[in-house]
Amino acid sequence: MKKKQFPLSLLLLLTAACTSENAELLPQPSDAPDVLRIASVGMDDGKNTRGIMDNTGIQTNGCQIGVYAVNSDNTEYIPLHGGSNASVYQYNNSCWNVTSMDGSKLLRLPTNGNSCKIYAYYPSDLVPVYQAAGGSYLSGINVVAQDDFSSTTQKDYLYPSVAATTNINSSSGVSFTLKHALAKLTFKVYKLAVMTEEIKLTKLQIIANANTLQVGSGKTMLLSSGNLQGLVGTDLITLAASDGGMALPAQTNTINLGNPKSTVFPFCLVAPAPNVDYLSFQLTVVSNKQEQTYLTQQIKMTSHWAAGNHFVFTLVLNGMNAIISGMKQYQWEGYTETDIPIS
């Protein structure tokens, strides 16, 4: 069998080592100076991102991002010397390296010294599409209307806060700061302390008026702003437990709600919804093998959920009905259960 041989320059590129956790990639071999190098990738809030799934940060071994290049004047970049205007990079051993030895899949910079704008995005399987006047976008965006209590189905979409500008003469790799295109909702659901029987939450439905929630499959996201395009309106998003339900903790007082370290509450990722006016929730619970549903009151949204924000709703089941007792808005952060006062 004939063995496949790879150019020495690519082998050296993929096996380059870094000297520290945050070190930049070593310079490329002299015969491949045009291959894009990435020094670092971070989040704009300095926190972990659920998009990386393991809550240890974006620079985690095995994490992959996509990158896409246009010319500095926003015209389409078409490499004239081979290579691609898009590529996939993976983080391993403190370095971001290309994932393919196929030269046609390497993002190569112009050899004449002209600069390119480089966009990074997550997940890496999205497909970049050129559009004139800075309108380039990613295809393959899906925002779901049904998920579980841990948002397993919904991917977290990330885009760059600003494109990185670089050229072949740059002495260091590019750095990216990524932002969330979605919002995060967490639901702290309790029962009154006097309710001693076990009550399990099996379903939570988000209900809005006038189809102001946004969902859709096969849609797009602008690379420059993270704006999601082509989504359609709906009045219902459903979260269903995948493991028999969540046992509701008891509400002990209005400040310290239950045991903050023992319960992981339902959360989901949703598209920004600037037009949501009124909102309510329907809870489905099981107690003593009997299923019951409770519809909360309707509240007027004074703060609409926007991309990159985290909204925490506090819901209390009192035996007769369920009420919304508080809502707080935070910057996105890796989910850890903390005491959150009722507002």
Side-chain angles (χ1 to χ4, degrees), residues 4-29 32-44 46-70 77 79 82-109 116-129 138-142 152 154-161 163-164 166 170 172-181 221 223 226 334:
K4 186 174 182 180
Q5 295 183 333
F6 299 104
L8 176 60
S9 61
L10 293 183
L11 291 174
L12 291 173
L13 167 68
L14 293 175
T15 57
C18 293
T19 58
S20 68
E21 180 66 19
N22 297 313
E24 296 181 356
L25 293 179
L26 294 177
Q28 301 301 324
D34 55 341
V35 175
L36 178 73
R37 289 175 291 126
I38 297 177
S40 65
V41 181
M43 296 300 301
D44 67 324
K47 302 291 185 179
N48 298 327
T49 168
R50 187 214 155 274
I52 310 307
M53 304 304 289
D54 60 7
N55 284 336
T56 56
I58 193 167
Q59 293 202 148
T60 301
N61 283 348
C63 174
Q64 294 186 352
I65 63 168
V67 289
Y68 177 68
V70 297
Y77 173 53
S84 173
N85 58 10
S87 189
V88 175
Y89 282 69
Q90 179 168 306
Y91 189 80
N92 280 308
N93 299 322
S94 302
C95 296
W96 286 98
N97 284 322
V98 291
T99 60
S100 174
M101 288 183 171
D102 184 344
S104 66
K105 296 181 179 179
L106 294 176
L107 201 165
R108 293 183 177 274
L109 301 172
C116 281
K117 289 182 179 179
I118 314 295
Y119 294 92
Y121 55 88
Y122 177 90
S124 62
D125 58 357
L126 297 175
V127 179
V129 179
L138 298 167
S139 64
I141 298 293
N142 298 311
T152 301
Q154 182 60 62
K155 293 181 178 180
D156 184 10
Y157 297 117
L158 307 178
Y159 68 98
S161 59
T166 190
S170 175
S172 61
V174 297
S175 294
F176 297 105
T177 300
L178 301 184
K179 303 178 71 173
H180 295 281
M221 178 176 74
L223 272 166

### Task
Go through the steps to decide whether I118 and F176 satisfy the test side chain to side chain contact (heavy atoms under 4.5 Å, CB included), and finish with yes or no.
CA-CA 9 Å; I118 314 295; F176 297 105; 3.6 Å; yes
Nearest atoms (heavy-atom pairs only) where [X] meets [Y]:
X    : Y    : value
G83  : R108 : CA-CD, 4.1 Å
S84  : A86  : OG-O, 2.9 Å
N142 : Q154 : O-NE2, 2.9 Å
L126 : G140 : CD2-O, 3.6 Å
H180 : M43  : NE2-CE, 3.4 Å
K117 : A163 : CB-CB, 4.1 Å

Under a 4.5 Å cut-off applied to non-hydrogen side-chain atoms, are [X] and [Y] in contact?
X    : Y    : result
L36  : V174 : yes
S87  : Y68  : no
N85  : V70  : no
I65  : Y121 : no
Y157 : I141 : yes

Quick one: pull up [atom1] in [X] and [atom2] in [Y] and give me the separation to the nearest 0.5 Å.
X    : Y    : atom1 : atom2 : value
S172 : I38  : OG    : CD1   : 12.5 Å
Y89  : L106 : OH    : CG    : 7.0 Å
S170 : L109 : OG    : CG    : 8.5 Å
Q90  : W96  : CD    : CH2   : 8.5 Å

### Message
Run K105 and V98 through side chain to side chain contact (heavy atoms under 4.5 Å, CB included) and show every step you take.
### Response
CA-CA 9 Å; K105 296 181 179 179; V98 291; over 6 Å; no
### Task
Go through the steps for L178 and Y159 under the test side chain to side chain contact (heavy atoms under 4.5 Å, CB included), then give the verdict.
CA-CA 5 Å; L178 301 184; Y159 68 98; over 6 Å; no
### Task
Return the set of residues passing side-chain contact (heavy atoms from CB on, under 4.5 Å) with V129 (not counting sequence neighbours), or none when no residue passes.
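Result, side-chain contact (heavy atoms from CB on, under 4.5 Å) vs V129: Y137, S139.
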